[in-house]
Amino acid sequence: MSVSIRDLGIVIGSQTLVSDVDLDIADGERVGLIGSSGSGKSMISKAMLGLTPDDAVLSGSVNLSGVEAVGADEVTLADLRGRYVGTILQDPFSSLNPVTTVGRQIELPLRLHYRLSKAERAGRVRRMLAKVGLDAGLADRHPNELSGGQAQRAAIATALITSPRLIVADEPTTALDSIAQRQIVDLLVRLVDDSGASMLFITHDFSVLARATTRAYVLEHGRVVESGATSDLLAKPSTPQAGRLVGAARKLALE
Amino acid sequence: MAQHDMLPAETVHDGRLGISDVVAGSCQADAVGPAGAEGSPQGRDSSPRPALHTPDEPVSLKGLGKLAVVLRSMWSQGEGRFALVVLACWIVVSLASIVWTPKKLWETDGYHVWAPPSADHLLGTDGTGADVFSWLMAGARTNLLIAILSVMLAGVVGVTLLMAMVSRSKMVSAISVVAVDALISIPTVLIALILAVPMGASIAVIILACGVGYGLNLARIARPQALLAAGSDYAVSARASGASGGYVLFRHVLPNSLPSIMVQLSLSAGTAILAESGLTYLGVGVPSGVPSWGHSLSTSVKLIDVYPLTVVWPGLTVTVVVVALNLFGDVLRQAIDPIVNTALRKVAA
Ligand SMILES: Nc1ncnc2c1ncn2[C@@H]1O[C@H](COP(=O)(O)OP(=O)(O)O)[C@@H](O)[C@H]1O
Ligand SMILES: [Mg+2]
């Protein structure tokens with residue numbers, strides 16, 4: 001799925017959180033969105049699926065392979081969500097319902113969008129669990145029995161179960177330790193490439209960005225300040241904002 | 001809108017299914033994967049969404065297994081055992097009283113009024129010479145009926161208001177919050193007194209007053225927990241999966257608010273028993289002649305100085321049952337929580 005964001009603006013009350021954002025993702029491309037905490041990354045990802053807070057006022061355009069998401073009605077948006085666009089959130093534990101089994105949560109997009117028999121659904125969940133490197137038995141567990149890495153793998157399975165054409169991953173590794181981070185990024189990249197989907201990968205960490213994306217946008221105070229190939233951004237950031245983020249990533253890598 | 005949306009294959013496919021193609025209704029046939037991997041067509045405009053429970057799911061069996069686990073873990077605690085025994089006795093006595101009581105309710109013994117306990121009258125007699133034990137037995141079923149119906153009404157009223165209060169619609173939530181806050185300040189007794197004007201003394205007055213009053217309470221007390229669930233990441237995650245607001249409310253917010261709701265409902269059952277006594281004493285509850293614990297209390301309480309024993313029996317019954325109901329709620333909350341009760345998770349498997 002291709003994404004074309006033009007002049008996106010997000011205002012809540014008197015606060016302008018995002019303005020003049022242009023962002024493109026080609027079919028099958030993995031694109032990064034990097035910026036410090038509070039720069040508006042999550043707002044942009046939410047705006048792509050109409051998940052911004054109710055009091056947010058959106059302007060501009062988010063075009064998902066020909067479908068306009070800004071101002072779209074709830075039916076169109078609900079059809080996009082989980083079926084054509086899979087979402088992975090930052091905190092793997094809080095994004096899983098504590099009182100429902102992992103298997104039931106992974107199959108939710110299938111239940112909502114496709115009419116399948118119970119056996120077909122169970123088979124798909126089983127194969128998906130294997131793909132994300134989880135034991136089939138975990139489907140019957142509750143989230144509090146999982147480790148952070150396992151929970152994030154379950155969240156990835158939920159996002160990918162319907163083979164969506166775009167994955168939006170909002171800081172999917174921030175809550176994990178560095179080894180789990182690398183594993184999760186590599187897994188996500190492999191699965192996304194295998195399925196031919198596009199991905200928007202959001203992070204504040206350049207070291208993760210390099211593994212996950214080929215091209216990236218740097219966001220600062222709700223504006224895109226720099227964009228280009230991820231390797232170029234890492235090697236010679238041309239703006240001080242990108243420079244700061246790269247510096248922080250290098251420092252972390254040395255520690 | 002598309003009439004033949006296919007579930008994309010699980011493996012690589014080159015003929016990519018663009019969203020524009022699907023939404024425009026021209027689903028590419030080559031986008032569908034190998035046999036077995038595709039979903040059945042679902043014309044979303046012509047056919048309803050899939051049911052939440054497909055018929056092939058053995059819901060009832062799993063439900064029974066869960067019930068057994070919940071009861072077992074309640075039984076494993078002293079308080080739970082006490083509550084279960086008392087409540088079981090209550091139900092058994094209520095049912096038994098329909099067909100049998102030691103003495104007929106209207107059989108009075110004019111020579112033995114206010115009699116102390118004896119072999120003939122297990123708990124003695126009241127001022128008319130009627131058998132206290134028989135009246136308490138028969139009262140059990142009236143109070144059981146009142147407790148069950150009050151709790152059911154409170155549950156319906158409370159959960160409806162709760163869902164409205166935490167719904168994503170600004171207008172619905174604002175109106176319901178104001179309504180609950182305004183109505184909750186009216187005492188249950190006052191609601192009952194007002195209802196009694198057109199309805200007279202009747203069991204329905206107690207049930208309506210308690211059901212509405214405790215429903216309002218339930219909504220307000222469970223609201224913080226429900227708000228937490230409604231604003232949670234898993235609610236956002238479900239919406240990002242395509243779930244509607246209603247689905248999130250009933251599948252995520254409600255189950256996660258169940259502990260507070262359950263405790264509140266069993267407290268309501270106890271409070272309904274107490275309210276029955278109070279309202280019957282005031283003359284707006286159970287009509288005279290209908291057996292109830294409140295009736296037994298109010299007929300004997302006038303002579304408490306002279307014949308205290310007759311008051312003790314209904315008083316003791318009410319106290320024990322109310323304590324049991326309160327303990328029941330506490331123990332139930334832990335037993336139905338899959339996070340606390342590890343045994344419950346095994347059933348879900
Ligand atoms: N519901 C909200 N109402 C008003 N402001 C918000 C809300 N949620 C987030 N913000 C603000 O929007 C800005 C961007 O937030 P966010 O997109 O979450 O940042 P990021 O994901 O880059 O860390 C922050 O300054 C934050 O304080
Ligand atoms: Mg964020």
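Residue numbers begin at 1 in each chain, while the letters A, B, ... track the order of the sequences.
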Counting only heavy atoms closer than 4.5 Å, note whether [X] contacts chain B via side chain, backbone, both or neither.
| X | answer |
| --- | --- |
| A:Q90 | neither |
| A:L51 | both |
| A:V168 | neither |
| A:N144 | side chain |

Do [X] and [Y] make a side-chain contact, defined as non-hydrogen atoms from C-beta onward lying under 4.5 Å apart?
| X | Y | value |
| --- | --- | --- |
| B:S237 | A:T158 | no |
| B:Y234 | A:P98 | yes |
| A:L112 | B:Y247 | yes |

Report the distance from atom [atom1] of [X] to atom [atom2] of [Y], rounding to the nearest 0.5 Å.
| X | Y | atom1 | atom2 | result |
| --- | --- | --- | --- | --- |
| B:S241 | A:L49 | OG | CG | 10.5 Å |
| B:S244 | A:R81 | OG | CZ | 10.0 Å |
| A:K46 | B:R239 | NZ | CZ | 10.0 Å |

Practice item. Select, from A:N97, A:T87, A:L77, A:I88, the one with the greatest count of heavy-atom pairs under 4.5 Å involving chain B. Key: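 Most pairs with chain B among the choices: A:N97.
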Check your understanding: Quick one: what part of B:A235 sits under 4.5 Å from any heavy atom of chain A, side chain, backbone, both or neither?
Key ->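 Neither part, no heavy atoms under 4.5 Å.
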Exercise for review: May I have the step-by-step check of side chain to side chain donor-acceptor pair (under 3.5 Å) for A:S95 and B:D233, ending in yes or no?
Suggested key: CA-CA 5 Å; A:S95 57; B:D233 279 357; 5.8 Å; no
